[in-house]
Amino acid sequence: MGIIIDHNKCILCNNCLTKCPFGALELKDGKVEVNAACKMCRLCLKNCPVEAITEEKVTIKPSLNKDEWRDILVYVEHDGKSIHPITYELIGKALELAKVIDEKVICLMIGDKIKDLAYELLEYGVSQVDVYDRKELKYFRADLYKDVFVDCIKRRKPNTVLVGATVSGRSLAPRVAAYFKTGLTADCTVLKMREDTDLVQIRPAFGGNIMAQILTTANRPQFATVRYKVMDQAKRVKPFGKVEIIDQKGSDLTSKIEILKVEEKPTSESIEDAEVLVAIGRGIKDEKTITKIEKIAELLHGKIACSRPLVEDGRYSVYRQIGLSGRSVKPKLIITFGISGAIQFTAGMKDSEMIIAINTDPEAAIFDIAHVAIVADGNIIADKLLRYLEENKNA
Amino acid sequence: MNIVVCVKQVPATQKVDIDPKTGVLLRNGIESKLNPFDLVALEAAKWIADKTDAKIHALSMGPNSAIEVLRESFALGAKEGWLLSDRKFAGADVLATSYALACGIRQIGDVDLIICGKQTTDGDTAQVGPEIAEVLGIPHISWALELIEADAKGLIIKQDLGSMDALVRMEYPCLISVEKAMFQPDLPSYRLYKESKDYPLHILSADDLTDVDMTRIGLDGSPTQVEKIFIPSHDVKATRLEGDPEKISQDLFSILKKNKLIKEVQ
């Protein structure tokens, strides 16, 4: 069972204690002991100079017959009016995984009056869409949706289940996985199928500094959630699959959650939750350029942010300011125009996933943290980039 | 009425440096703290306890040193602490952790409401809350944005549903996981900390739990296995674009497109 420490070999060098990222090794009565914080990362094994630490492998439950579990099930994310694009990304990955083991991709769609929407999925190469279409299922409720999800899995017995890491997906997937007492890996960035149908799941740990490769070898289905914009969308093909309305007459769809009211989200000026930010700094003075940059932000579905000078000038409200005296942000993309990158600014955005910086000074500090450093006049680049984006939109 | 807040001891720093040659984590000592998202959960518990006269329990699974985060929970309003600490719990993944915590909740007894923080800063999964609810067979709400009402029977909550917000009512027993923005956490109260010296603090081993299936805890109860850990290859190498502005803009557009930052035309 897990990490074993041979106290006869152990020289109490403390190496494992200091190297364990989880504080899972403790000195108790002069002996190194493993505690409940252990995550089986095995760093202690690698760091023991005298090989006093070993690992006892888990024995695979003999009861599992993997052949009984076939096909990849994709949970369809939608709002009743349109299908969320993450679904097409999951289908793209699912088709790739299914190909390795010569299996099919099946979709599960839950909602109210969604039959027509279901047919759109067939255009992406799925073999089957199971639709649970009932008025009780109009809005997401984790307990009720779980019951439906469980029903689908019991009938289909999929080998793998993929769910988008959206607000509802991250609430639903763990419930369903726990029902089947099986594994679920959150926010996978890489998924690969082995020929023995084991799913290799890779996810970042410790804020992305380390990647963990995870398997679920003795349980089925294998559950994984994936964030939006991580995988590639499936390509459109000539539809060949079919849509099946699952008749649930007689089944009692009740939830312990009562929806009192549903409202559209208020739009806010807040830059903290934006996935895309376009930031303007001291280097941009021309009002025409500012208008163009605002247009670029709009076309990238992002928000405008700025460094301190534009707030001091009264051009933007303080809610748009990034930095120590403003907001901290961590978007998927930030493009900076005419920002030199003083520490007071970069402290508020250096953890962004992709930083594209445009500045005329080739030595600008912002280039030290930028993934893409562009040495050019922001006024010109704004003009030309806007043209490319508009052409793309009208294509 | 009893409220259980699930808390966790996490590394004090999220940034770990790695020796690029050996792949070993470089850390100076093991400093830890209470998971910051749990502070919001404790605030939510206080808000509800004020209205319902409920008693707040703090529950954790971890090493003996996690007593510290329970003591910190006392300074933030909890009145009784429970720590599941045993090497039999070691190597637990989300499912085994949720099962053990659910057993702890059953042991506390007569629990009406369980509150979890949105996620932990070391695991980042946000999965333990919903899995506890499933093990206990009770409803749950994730991403609770705002508490609207609390009475002896249940809660009215504003919940994030992605493109919409929903106002929902849920009766006890139930579980909620709360968004960070719900409350601005209070600083720990020194007065409460001093008062809490004699508050009951239980350390439970696996054998202390009644009604526990030993095959469902720790590594044996974990369906997922970490096969290996490795350092990500930094494929995002810094690119430098200089020269002709037309060419630069074209390259920039291609980079945005390649990274799926421009919506594809369907």
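Since this is a predicted model, take the numbers as computed values, not measurements. Naming: A, B, ... by sequence-line order, numbering from 1 per chain.
If you measure heavy-atom distances from A/Ile369 to chain B, you find no contacts under 4.5 Å at all. Interface residue A/Ile202: only side-chain heavy atoms are found under 4.5 Å from chain B. For A/Arg141, no part lies near chain B; criterion is any non-hydrogen pair under 4.5 Å. Proximity to chain B (any heavy atom under 4.5 Å) is shown, for A/Ile259, by both the backbone and the side chain. Neither the backbone nor the side chain of B/Ile157 comes within contact range of chain A; no heavy atoms are under 4.5 Å apart. With a 4.5 angstrom heavy-atom cutoff, A/Asp383 does not touch chain B via any of its atoms.
Among all heavy-atom pairs drawn from A/Arg170 and B/Pro130, the shortest one is O-CG, 4.2 Å.
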- Determine, step by step, whether B/Leu252 and A/Ile356 satisfy the side chain to side chain contact (heavy atoms under 4.5 Å, CB included) criterion, reporting the C-alpha distance in whole Å, the side-chain angles of both residues, the deciding distance to 0.1 Å, and the verdict. CA-CA 9 Å; B/Leu252 174 56; A/Ile356 298 178; 3.7 Å; yes
- Task: Step by step, work out the side chain to side chain contact (heavy atoms under 4.5 Å, CB included) result for B/Asn64 and A/Asn35.
- Result: CA-CA 8 Å; B/Asn64 273 332; A/Asn35 66 40; over 6 Å; no
- Task: Quick one: do B/Ile262 and A/Lys393 satisfy side chain to side chain contact (heavy atoms under 4.5 Å, CB included)? Show the steps, please.
- Result: CA-CA 9 Å; B/Ile262 296 172; A/Lys393 192 188 159 205; over 6 Å; no
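No donor-acceptor pair closer than 3.5 Å links the side chain of B/Arg216 to the backbone N or O of A/Lys181.
Residue pairs that meet the side chain to side chain donor-acceptor pair (under 3.5 Å) test with at least one member in residues 170-181 of chain B, sequence neighbours left out, do not exist here.
Here A/Glu258 does not pair with B/Arg169 in a salt bridge; the nearest charged N to carboxylate O distance is not below 4.0 Å. One finds a salt bridge joining A/Glu263 and B/Lys158 here, because a Lys/Arg side-chain nitrogen approaches an Asp/Glu carboxylate oxygen to under 4.0 Å.
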